[in-house]
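Keep in mind it's a predicted model, so treat the numbers as computed, not measured. Just so we're on the same page: letters track the sequence lines, and every chain starts at 1.
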Amino acid sequence: MTLRLTNTLTRRSEPLVPLVPGQVSIYCCGVTVYDLCHLGHARSYIVWDVLRRYLIWRGLAVTFVQNITDIDDKILQRATEEGSSMEAVSERNISAFQADMAALGILPPDRMPRATRCLDGIRALIGELEAKGAAYSADGDVYFAVMKAEGYGKLSGRDLESQQDNASGRVSGAQEARKHHPFDFALWKGAKPGEPSFPSPWGLGRPGWHIECSAMVRAELGESIDIHLGGADLIFPHHENEIAQSEAATGKPLAQLWLHNGMVNVGGQKMSKSLGNFTTIRALLASGVSAMTLRLFVLQAHYRKPLDFGPVALEAAATGWRGLGAALAVGGAAAVGWEAGPEAEPNFEPSPELARQRDAFVAALDDDLNSSSALAVLFELARPLRSLANRLERGELPSPDDRRLEDQWRLLVELAGVLGLKAEASATPAAEPVGGPSEAEIQALIEQRRTAKGAKDYASADGLRDQLRRHGIELIDRPTGVTDWIRK
RNA sequence: GGCGGCAUGGCCAAGUGGUAAGGCAGAGGAUUGCAAAUCCUUUACCCCCAGUUCGAAUCUGGGUGCCGCCUCCA
């Protein structure tokens, strides 16, 4: 079996056959750092994180490059609004981006080039395109000539002829008027007064959006790479233009496989900054949703399909994760004290049944990264382990039969790790609201209730429990006689 | 208008020709003084119509509905 992925370029599922056997070069379109990242970004990067982890797990040497666009109109606009500089806005959001990705358990890219630090490559590429007649300059701007590009539109299925009528309606303004064709796009934008700018053979200015990716791919990974990643909203025009630029310059295919993730929707509509219906990653995490819950939420759907975000779906994921997390954590319980081997090198020979589950997991991911099916395997592996976790919680000791679950647990930990799912160190109850009863008060009430229960005065006991419940405190009577509590 | 995608149980979601994974919710059971939590069991003929086939959720044609892209966007 080999991994097959749906290639946007051909609209078909194709096997991954690395250009260099054993190695996979991946370029992932990153963020424009004008603001905080939201769940749309989270989904995209979680999904690609799983792709990367899976390839590594399968023994491939992956080089993962993800860019940062740190020069762009929106960053400039933000800087103007807040009276700071483009650098200040960029730096702040890059830090936030990295912190958010780390909080989500996403592996950092091997290299993370920034547009402002790749200007030599960008200028060189524009120069080549101009020399080849693929680009033209006009009043300090440089544009790419789409009519001269072989196969323009092949990624997005667009045909220049049939688009023209529609597009012509948009030609307006000075910049549009300079273009030879409405679909021509800027490689270099001449600086307007007061804007940050960089020197170039065409005068002071800054790079267009698309050109940085073409330049970075070439600088970091070479003229042709294995996989190019991004959100489905980047197919046109961004990736279409990247292909046009790179292939006009090199004459070689930019990437073998183009993968695009579906959008996160809210109430059936795409989550986006412009619609204002977004939730930032940090706001969600701060609200008490764990990174693992979010990951489970994302991976329960296939990566190419739209994913509807809402409180109900999120709650379902949280409940699901509670079970899976409990199974993952059971091996570390003092009573069993199992140890997981290193994620990347399984150190055990699975039984035929476990081997079957493992194969099912692999087959699922091999089939265009079907994480939903892969999760089904995880839940099945987890079931007896959850049962064990529950028995341990009730104070039972593991039976000799439970020893047989050790391998199952190891397999679960290993496979869950491929999806980036890991037991959390501890379920930290969020530091809590002011105004509620203090811990000592709670303990005192629990003690009162214990006494009432001892006297079989259940009316009083239940009254005390209800009283605490009104403060969001849930009591849990353990079989051992101890009463624990949690804030809900 | 052009291009692309999607429609599966109460909700989410796999499944691309051989008789419907998994999660959440619900129901029944175990446990509990009662709860909570937990564990076990259990719940579908797959948007509509026509066709191909021994056989279709899965293929073909038509219809209906929804979404994305065509401007910055993960």
Side-chain angles (χ1 to χ4, degrees), chain A residues 8 11 13 28-32 34-35 37-48 69 72-74 77 153 156-159 161-167 170 183 209 229-238 240 260-265 268-275 278 296-297 299-302 304-308 310 312-324 326 360 364 367 370-380 382-384 386-391 393-394 453 456-459 461-462 465-466 469 474-479 483-486 488:
Chain A
T8 305
R11 299 176 201 295
S13 164
C28 176
C29 276
V31 284
T32 300
Y34 72 98
D35 204 348
C37 287
H38 59 65
L39 293 178
H41 302 99
R43 179 191 195 184
S44 186
Y45 300 136
I46 286 172
V47 160
W48 305 138
T69 301
D72 142 283
D73 289 344
K74 286 186 176 173
Q77 189 189 331
S156 57
R158 243 153 271 256
D159 158 39
E161 304 299 317
S162 67
Q163 298 287 312
Q164 205 149 359
D165 289 348
N166 184 274
R170 296 201 313 273
F183 273 23
W209 176 36
L229 306 171
D233 50 358
L234 297 183
I235 295 171
F236 189 90
H238 186 54
E240 193 71 70
H260 293 96
N261 64 275
M263 301 292 98
V264 172
N265 290 171
Q269 273 203 313
K270 177 182 166 185
M271 176 179 285
S272 72
K273 292 281 175 64
S274 42
L275 286 171
F278 61 92
L296 190 62
F297 169 67
L299 297 179
Q300 275 189 312
H302 185 89
R304 283 189 295 110
K305 287 198 174 180
L307 173 63
D308 215 69
V312 176
L314 203 57
E315 184 55 37
T319 312
W321 169 247
R322 205 185 305 155
L324 203 50
D367 180 17
N370 191 334
S371 54
S372 187
S373 280
L375 279 171
V377 174
L378 260 44
F379 277 105
E380 278 173 23
R383 199 171 299 130
R386 293 173 65 173
S387 171
L388 172 61
N390 183 48
R391 279 182 284 122
E393 196 189 6
R394 287 161 173 268
K453 277 174 68 180
K456 295 206 187 294
D457 180 5
Y458 295 120
D462 290 351
R465 182 169 62 200
D466 290 344
R469 190 173 281 156
E474 192 68 49
L475 297 185
I476 305 163
D477 291 335
R478 302 293 183 193
T483 297
D484 289 334
W485 59 274
I486 52 166
K488 293 193 84 172

_Given the structure, check if the side chain of A/Arg465 and the base of B/A35 hold any donor-acceptor pair shorter than 3.5 Å._
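Yes, a donor-acceptor pair under 3.5 Å.
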
*Do the side chain of A/Asp477 and the base of B/C34 come within less than 3.5 angstrom through a donor-acceptor pair of N or O atoms?*
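Such a pair exists between side chain and base.
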
At 4.0 Å (heavy atoms only), tell me whether [X] reaches a base, stays on the sugar-phosphate, or touches nothing.
X        : answer
A/Leu378 : nothing
A/Gly262 : base
A/Lys270 : base
A/Gly40  : base
A/Phe297 : nothing
A/Leu234 : sugar-phosphate

Which whole number of Å gives the distance between the [atom1] atom of [N] and that of [M]?
N     : M     : atom1 : value
B/C59 : B/U52 : C1'   : 8 Å
B/U38 : B/A74 : P     : 38 Å
B/U43 : B/U8  : C1'   : 15 Å
B/G62 : B/G55 : C1'   : 23 Å
B/G9  : B/C49 : P     : 16 Å
B/A14 : B/A7  : P     : 8 Å
B/G15 : B/U58 : C1'   : 9 Å
B/G10 : B/G5  : C1'   : 26 Å

*So, A/Arg43 side chain and A/Gly262 main chain: donor-acceptor pair closer than 3.5 Å or not?*
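Answer holds: yes.
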
Between [N] atom [atom2] and [X] atom [atom1], what is the distance in whole Å?
X        : N     : atom1 : atom2 : value
A/Leu475 : B/C34 : CG    : P     : 17 Å
A/Trp48  : B/A74 : CH2   : C1'   : 10 Å
A/Asp233 : B/G5  : CG    : P     : 17 Å
A/Leu275 : B/C72 : CG    : C1'   : 12 Å
A/Leu388 : B/C39 : CG    : P     : 12 Å

Output all residues satisfying side-chain contact (heavy atoms from CB on, under 4.5 Å) with [X], sequence neighbours left out; order by chain, then residue number.
X        : value
A/Glu380 : A/Gln357, A/Arg383
A/Val31  : A/Val33, A/Cys37, A/His41, A/Tyr45, A/Phe97
A/Asp308 : A/Asn265

Any-strand Watson-Crick or G-U partner of [N], both distances under 3.5 Å:
N     : value
B/G55 : none
B/A20 : none
B/C72 : none
B/G65 : B/C6
B/A50 : B/U60
B/A30 : B/U38

*Between A/Cys29 and A/Pro306, who's closer to the 5' end of RNA chain B by nearest nucleotide?*
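Closer to the 5' end of RNA chain B: A/Pro306.
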
*Given that A/Asp308 and A/Pro384 both sit by RNA chain B, which one's nearest nucleotide is further toward the 5' end?*
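Its nucleotide being nearer the 5' end, the pick is A/Asp308.
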
*Take nucleotides 14-26 of chain B nucleotide by nucleotide from the 5' end and write B, S or -, depending on whether a protein heavy atom sits under 4.0 Å from the base, only from the sugar-phosphate, or from neither.*
SS-----BSSSS-

*For A/Tyr34, which residues count as a ring pair (Phe, Tyr, Trp, His ring centres under 6.0 Å) partner, sequence neighbours excluded?*
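Counting only residues at least two positions away or on another chain, A/Tyr34 forms no ring pair (Phe, Tyr, Trp, His ring centres under 6.0 Å).
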
_Looking at A/Arg322, I'd like to know whether one of its side-chain N or O atoms comes within less than 4.0 Å of OP1 or OP2 on B/U38._
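So the side chain of A/Arg322 is within the cut-off, an N or O lying under 4.0 Å from OP1 or OP2 of B/U38.
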
*Quick one: salt bridge (charged side-chain N to carboxylate O under 4.0 Å, His left out) partners of A/Asp72, sequence neighbours excluded?*
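Scan of A/Asp72 (salt bridge (charged side-chain N to carboxylate O under 4.0 Å, His left out), adjacent residues dropped) gives none.
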
